[in-house]
Number of protein chains: 2
Amino acid sequence: MEQQEAERQDERNVEPPAEEQRSDELRQYDEVASAFVERFAADMTEAGMQRMAARIFACLLSSEDGSLSSAQLAERLRVSPAAVSGAVRYLSQVHMVSREREPGSRRELYRVHENVWHEALVDRDRILGRWAKTLRTGEASIGPDTPAGRRIRETCDFLEFMQQELSQMLERWRAHRASRDAHEAPRDG
Amino acid sequence: MEQQEAERQDERNVEPPAEEQRSDELRQYDEVASAFVERFAADMTEAGMQRMAARIFACLLSSEDGSLSSAQLAERLRVSPAAVSGAVRYLSQVHMVSREREPGSRRELYRVHENVWHEALVDRDRILGRWAKTLRTGEASIGPDTPAGRRIRETCDFLEFMQQELSQMLERWRAHRASRDAHEAPRDG
DNA sequence: CGCTTCTTTCAGAAATTTGTGAAGTTGCAG
DNA sequence: CTGCAACTTCACAAATTTCTGAAAGAAGCG
């Protein structure tokens, strides 16, 4: 229920012309990853996510080992460290990215949580809970026996139903993935 | 995965002091419904929905028979008809509100779709589909056998799993509701 | 037909969000 | 303890979104 106006950022900074020559590591990144990052970030943005947060998340997702430092992100996305900092804070708050410290270094690594989607759905669950609470209160104050009250209750019932289903779905996903992995990679175990 | 900064609009125009005296119909509205509308709208806004759209949706949801005219909405929410018009257009696009014409009148009624949530989830399904498509393309271009490729595929697999589950969930909801209604209101059948 | 009523469209003002540069903070290292 | 490297915070600038007033567009009614 919360996608935005559809299009918004089509041709953004997806400029391939590698100005002078950036760090070696980036050569490969510029080639293909950037295209994916910007496109997937656009999808997420359209669905209501903050743009910079979406870009950073996509960038981490498509990175070699799922984690990058602030400086690396700033370089790849061509934005200031400040922008990275702000977006990462947001992503941490919603449990999509975790921060870790490289032992003997001042570098901090941001990593996509292994089960991002699990985390994301837990948050979603929290949101649904808040909505349900508001709706129950509203139903009571408006009057449970009025048409409006009934309509609100119906909505609330649905949300609570969905909340239950959500956790069961995650259960099934874990099972699904487990059996899939057992089948596809029977070696090693 | 797309809730916003948490707080944003706490004390907005929830002013109870009824200026001079507005239309009779509004007396009751101002009392309690407005509080609910603004609060639920805030919840939805925090989850990423456009503010005005959220307010209008909440207002319709808590209205006597689930439908109001542009003028009524403008009056209740204290905004210009123009703002209503824009938000309603958005709500129509995402299938949360439908417009209907009162037969012998120039009035147009906006109505919350009977199964708003069904509609909303269908849209959600569409979004997931788009994401999955982007991810598949990305997986291919980045390389299915790279760590990043595998991570992207995992994400995609999950989304597609969720897409399937979504429709099954709606099925179960219909069953759930049907049995509930049959139990709670066995008369009339 | 033209008047009246209700809604939409459009240009622009206001408010909000987003991103930057610069200064500040933290912590390793010599 | 001084220096440096990496990240964060802050004030401000830019871009975007959101809402309004005014004018135009429909549609019933006399």
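Every chain is numbered from 1, with letters handed out A, B, ... down the list of sequences. Just the heavy atoms: all of them, side chains too, but no hydrogens, waters or symmetry mates, feed the values below.
- Taking a cutoff of 4.0 Å between a charged side-chain nitrogen and a carboxylate oxygen, A:Glu154 and A:Arg151 do not qualify as a salt bridge.
- A:Ala71 comes within 4.0 angstrom of sugar-phosphate atoms only, judged by non-hydrogen atoms across all strands, and of no base.
- A pairwise comparison of heavy atoms in A:Ser70 and A:Val84 identifies OG-CG1, 3.8 Å as the closest pair.
- The side chain of A:Ser69 lies closest to D:dC7, out of D:dC7, C:dG27, D:dC19.
- Considering only side-chain N and O atoms, A:Tyr110 lies under 4.0 angstrom from the phosphate OP1 or OP2 of D:dT8.
- Judged by distance alone, the side chain of A:Arg111 and the main-chain N or O of A:Val97 form no donor-acceptor pair under 3.5 Å.
- Comparing D:dT20, D:dT9, C:dT20 by their closest approach to the side chain of A:Ser80 singles out C:dT20.
- Taking the side chain of B:Ala82 as heavy atoms from C-beta on, and the options C:dT8, D:dT18, D:dG21, the nearest nucleotide is D:dG21.
- Distance B:Tyr90 OH to C:dT8 P: 18 Å, rounded to the nearest Å.
- Regarding A:Glu108, its CD atom lies at a distance of 18 Å from the P atom of C:dT25, rounded to whole Å.
- Looking at heavy-atom distances under 4.0 Å, B:Ser85 makes contact with a base.
- Atom CD in B:Glu75 sits about 12 Å away from atom P in C:dC6, given to the nearest Å.
- Between A:Arg136 and A:Asp157 a salt bridge is recorded (basic side-chain N to carboxylate O distance below 4.0 Å).
- We find that CZ of A:Arg107 is positioned 19 Å from C1' of C:dT25, with the value rounded to whole Å.
- The side chain of A:Arg89 contributes an N or O atom lying less than 4.0 Å from OP1 or OP2 of D:dT9.
- Between the side chain of A:Thr45 and the backbone N or O of A:Ala41 there is at least one donor-acceptor pair closer than 3.5 Å.
- Atoms CZ (B:Arg99) and P (C:dC6) sit 17 Å apart, rounded to a whole Å.
- Axis deviation across the helix from C:dC1-D:dG30 to C:dG30-D:dC1 amounts to 10°, comparing end segments of five pairs, rounded to 10 degrees.
- A side-chain donor-acceptor contact under 3.5 Å links A:Gln163 to the backbone of A:Asp125.
- One atom, CG of B:Leu91, and another, P of D:dT18, lie 13 Å apart when rounded to the nearest Å.
- Between B:Arg78 atom CZ and D:dT20 atom C1' the separation is 16 Å, expressed in whole Å.
- Separation of atoms CD1 (A:Ile56) and CG (A:Leu61) is listed at 13.5 Å; rounding is to 0.5 Å.
- The interatomic distance linking A:Ile56 (CD1) with C:dT18 (P) rounds to 13 Å, in whole Å.
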